[in-house]
Amino acid sequence: MDSPFPPARVPDGDAPDYLARLNPEQRAAIETTDGPLLVLAGAGTGKTRVLTTRFAHILLSGRARPNQILAVTFTNKAAREMRERIGALLGAPVEGLWLGTFHSLCARMLRRHAEYVGLSSSFTILDTDDQIRLLKQVIEPRRIDTKRWPPQGIMGVIQRWKDRGLTPQRVSKAEDSDFADGKCREIYADYQKRLIQLNACDFGDLMLHMTEIMRTHPDVLAQYHRFFRYILVDEYQDTNTIQYLWLRLLAQRGEGPANICCVGDDDQSIYSWRGAEVENILRFERDFPGAHVVRLERNYRSTRQILGAASGLIAHNEERLGKTLHPGREDAEGEKVRVISVWDSDDEARMVGEELERLHNDGHPLSECAILVRAGFQTRAFEERLITIGLPYRVVGGLRFYERAEIRDALAYMRVLSQPSDDLAFERIINVPRRGIGNTGLQKLHLHARARDIPLTAAVLEMLAAGQIKGRAREHLAALMKCFGQCREDLPREGHVVVVERLLEESGYLDMWKADKSPDAPGRLDNLKELVRALADFESLGGFLEHVALVMETEENAGNERLSIMTLHGAKGLEFDTVFLPGWEEGVFPSQRTLDEGGAKGLEEERRLAYVGITRARLRAIISHAANRRIYGNWQSAIPSRFVEELPPEYVHATGDATRARHNAAMRSPVFGATPFPVVARRRAVVDVTTSDTPARKTAFPIGTRVFHQKFGYGTVTSVEGNRLEVAFEKAGPKRVIDTFVEQVS
DNA sequence: GTGGAGCGATTTTTT
DNA sequence: ATCGCTCCAC
């Protein structure tokens, strides 16, 4: 240790105060600094705390300087959180950390060694849309039936190969038989070639190129070996093969065992479908001989009842390292996990709504409640119900900011502004708004560009000059190119914020949305405003675009007093006082797809998902299953999920609500219970609104106010009753809504 | 080049 | 049922 940080070492014997309030296992996980270490961190056992304290401990004990620790996470959110907490522990923000996602760290490394794979260090990182667009170009000349073999499917095959660390040369013929008549390998090779020509990378390439460089250039690898003294990995159970290879290259140096610490939980491995290999964590001790293993099993989050139910459930899995959660607090007895049987999915939504109202009225904050579903289609029933009873919610997940069409369009404009040779970006916006360039026009442009070996923008200029573009397209394109040219010229003088704003204005892009009559157009304009605002946080356009490519998220307005609806996958890492777990039926959860093709492994993963769901709850977990559910338009009867049976009965309170459910159903449909009568259901909904004891407030929306609603669009208030409005929506017709769901428009 | 009709798919999501 | 995408006719 030539250069301790900070200079003063913590004296042995006296434990420094950042270690004081940790339990013995947590301390072991932190103080076992040298050699390979696997920390099996059960849900709610203080994983992040261990990770960040360990990081701080390595620094404060003088074992390494900040830039000698490599700390890897999966999401930007996790990286950000870690950075903040380390800063808090050290009392000051630390600069120059190698702390980030696998992909951002690889991007950073790859910029230094890009030339080894034929890229220049200014390579661009493509988003999913660009990838598909490029792949389509590669597929096109090959006479492949894109009905049978859609580009997305081929992209999936390629990505899987990349996940496994296979460059086109490394893909064996045998690997490439099933999909697209065995042409995937050629397509993959072409696609990679085109990426290099464009000086671009997709996400998989960041890992693939960097791993390939380290594999084939021992000098580069040695450099990183000298550089990184300690490696920390979060969520190790989610690593795929390429991430594993990348880590192993960095960790397995010749002299002595590596200081690699992987933190994870095999029971929370739920991402095999995107390439994650649970085996990586199961195999850790064999991969790193002499590894220490620390189990964190004291849970400080949930009640004893919840932990008992979750542990009993996960014990049905075979493939696991084995861990049992114990309550960390003595007072954590709690209520039993409730299992509620209902008649159909409408009853389920109604039941959840009623429970939520009760909790809300008892003073439990809605922000501490969540509905966790297996699949996206389940959210709709709950949304409708919550709108009816007027409980504010938000659906977490959905499309994120940078995935929205208008944001991607605007970013494409910026990319062309900053890099005229960015063909994929230019292709995206050349006809947005409509400029009279269709498929054939674009083909001609491509032909010209390829023939002259120039970017598309240059091809446009040449073809305009040569009079090869006619009619309306000619004027529009000339105007567009002039606009880009002018903006590019103004950029250094006026700054990127002003110029981008002008570009979006003068190119006609903003006008396109202003003229759009659809209900979500105003929201899109707001998003664009937000995007331009975010631009100001960066010094240059290039810096902003790099950030966006890697960090595809913005801080969502958290909306404090709202309950959350999200998928179980989306809930991983979060916690709530109260968690609703609806749809525990065979075919929904576990999902039909898994039952059909996932085998025993798939089922175990579904069970882990159930385990993740239950362990999100601090105080209350409410599981429900319906006897009948509408799937893709028709009603189907369903039996309770096997996971319900697997819950240990001593921790469960089953509300045998089947009687009431059947009664409700009988009232609704005298002949066949399985086909509920929607009209009655709707009337019941209205009754519920008026009998609800949610206090009515004074509303700020007098009759005649023009309002906007996220789901229903524009409308005019026709009557007011406390905080409940009746609004005549222009598109959706008359609806009753709660005032918090609409905003006034002028 | 644009817009409408018909077709098929429809778990989970990050970077 | 619903949405998104492709194909075809104007």
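Protein chains get the first letters and strands the later ones, always in sequence-line order, with residue 1 at the start of each.
Across B:dT13 and C:dT2, the matching P atoms stand 22 Å from one another, rounded to whole Å.
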**Item:** A:Gln268 and A:Asp238: CA distance, side-chain angles, deciding distance, side-chain hydrogen bond (donor to acceptor under 3.5 Å, both in side chains) verdict
**Value:** CA-CA 9 Å; A:Gln268 293 188 66; A:Asp238 288 338; over 6 Å; no
**Request:** Test A:Glu348 against A:Gln378 for side-chain hydrogen bond (donor to acceptor under 3.5 Å, both in side chains), laying out the working first.
**Result:** CA-CA 11 Å; A:Glu348 185 176 55; A:Gln378 290 172 269; 5.5 Å; no
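Atom CZ of A:Phe589 sits about 4.5 Å away from atom CG of A:Leu609, to the nearest 0.5 Å.
Of the candidate nucleotides B:dT15, B:dT12, C:dT2, C:dT2 has the atom nearest to the side chain of A:Arg380. Checked against B:dT15, B:dT13, B:dT11, the side chain of A:His569 finds its nearest nucleotide in B:dT13. Checking B:dT2, B:dT11, B:dT13 against the side-chain heavy atoms of A:Asn431 singles out B:dT2 as nearest. Relative to the side chain of A:Arg593, the nucleotides B:dT10, B:dT12, B:dT15 differ in distance, and B:dT10 lies closest.
Atom CG of A:Leu442 and atom C1' of B:dT2 are 16 Å apart (whole Å). In this structure, A:Phe74 places its CZ atom 11 Å from P of B:dT15, rounding to the nearest Å. Atom CE in A:Met207 sits roughly 18 Å away from atom P in B:dT14 (whole-Å rounding). Spacing between atom CZ of A:Arg80 and atom C1' of B:dT14 amounts to 14 Å, rounded to whole angstrom units. In this entry the distance linking CZ of A:Arg630 with C1' of B:dT10 reads 15 Å, nearest Å. Look at CG on A:Asp234: it is 16 Å from P on B:dT14, rounded to the nearest Å. The distance from atom CD1 of A:Ile270 to atom P of B:dT14 is 11 Å, rounded to the nearest whole Å. At whole-Å resolution of the value, CG in A:Asp127 and C1' in B:dT15 are 11 Å apart.
Nearest-nucleotide assignment on DNA chain B puts the 5′-proximal partner with A:Leu609, out of A:Glu403 and A:Leu609. Toward the 5' end of DNA chain B, the nearer of the two residues A:Glu597 and A:Gly204, judged by each one's closest nucleotide, is A:Glu597.
Using a 4.0 Å cut-off, some side-chain N or O of A:Arg434 falls inside it from OP1 or OP2 of B:dG3. One finds a side-chain N or O of A:Thr567 lying less than 4.0 angstrom from the OP1 or OP2 phosphate oxygen of B:dT13. Contact between the side-chain N/O atoms of A:Tyr271 and the OP1/OP2 oxygens of B:dT11 is not found at any separation under 4.0 Å. Within the structure, a side-chain polar atom (N or O) of A:Thr440 is placed less than 4.0 Å from OP1 or OP2 of B:dG1. OP1 or OP2 of B:dT15 lies within a sub-4.0 Å distance of a side-chain N or O belonging to A:Asn76.
When heavy atoms are screened at a 4.0 angstrom cut-off, A:Tyr632 is found touching base atoms of the nucleic acid. Residue contacts shown for A:Asn439 are limited to sugar-phosphate atoms, with no base heavy atom under 4.0 Å away. Among the atoms of the strands shown, none is found under 4.0 Å from any heavy atom of A:Gly397.
Using modelled atom types, one finds a donor on one side chain and an acceptor on the other under 3.5 Å when comparing A:Tyr244 with A:Arg248.
Side chains of A:Lys162 and A:Tyr188 form a contact here, defined as non-hydrogen atoms less than 4.5 Å apart. Looking at A:His446 and A:Leu456, their side chains come closer than 4.5 Å, going by heavy atoms from C-beta outward.
Between the side-chain ring of A:Trp273 and the base of B:dT12, a stacking contact exists by the 5.5 Å and 30° definition.
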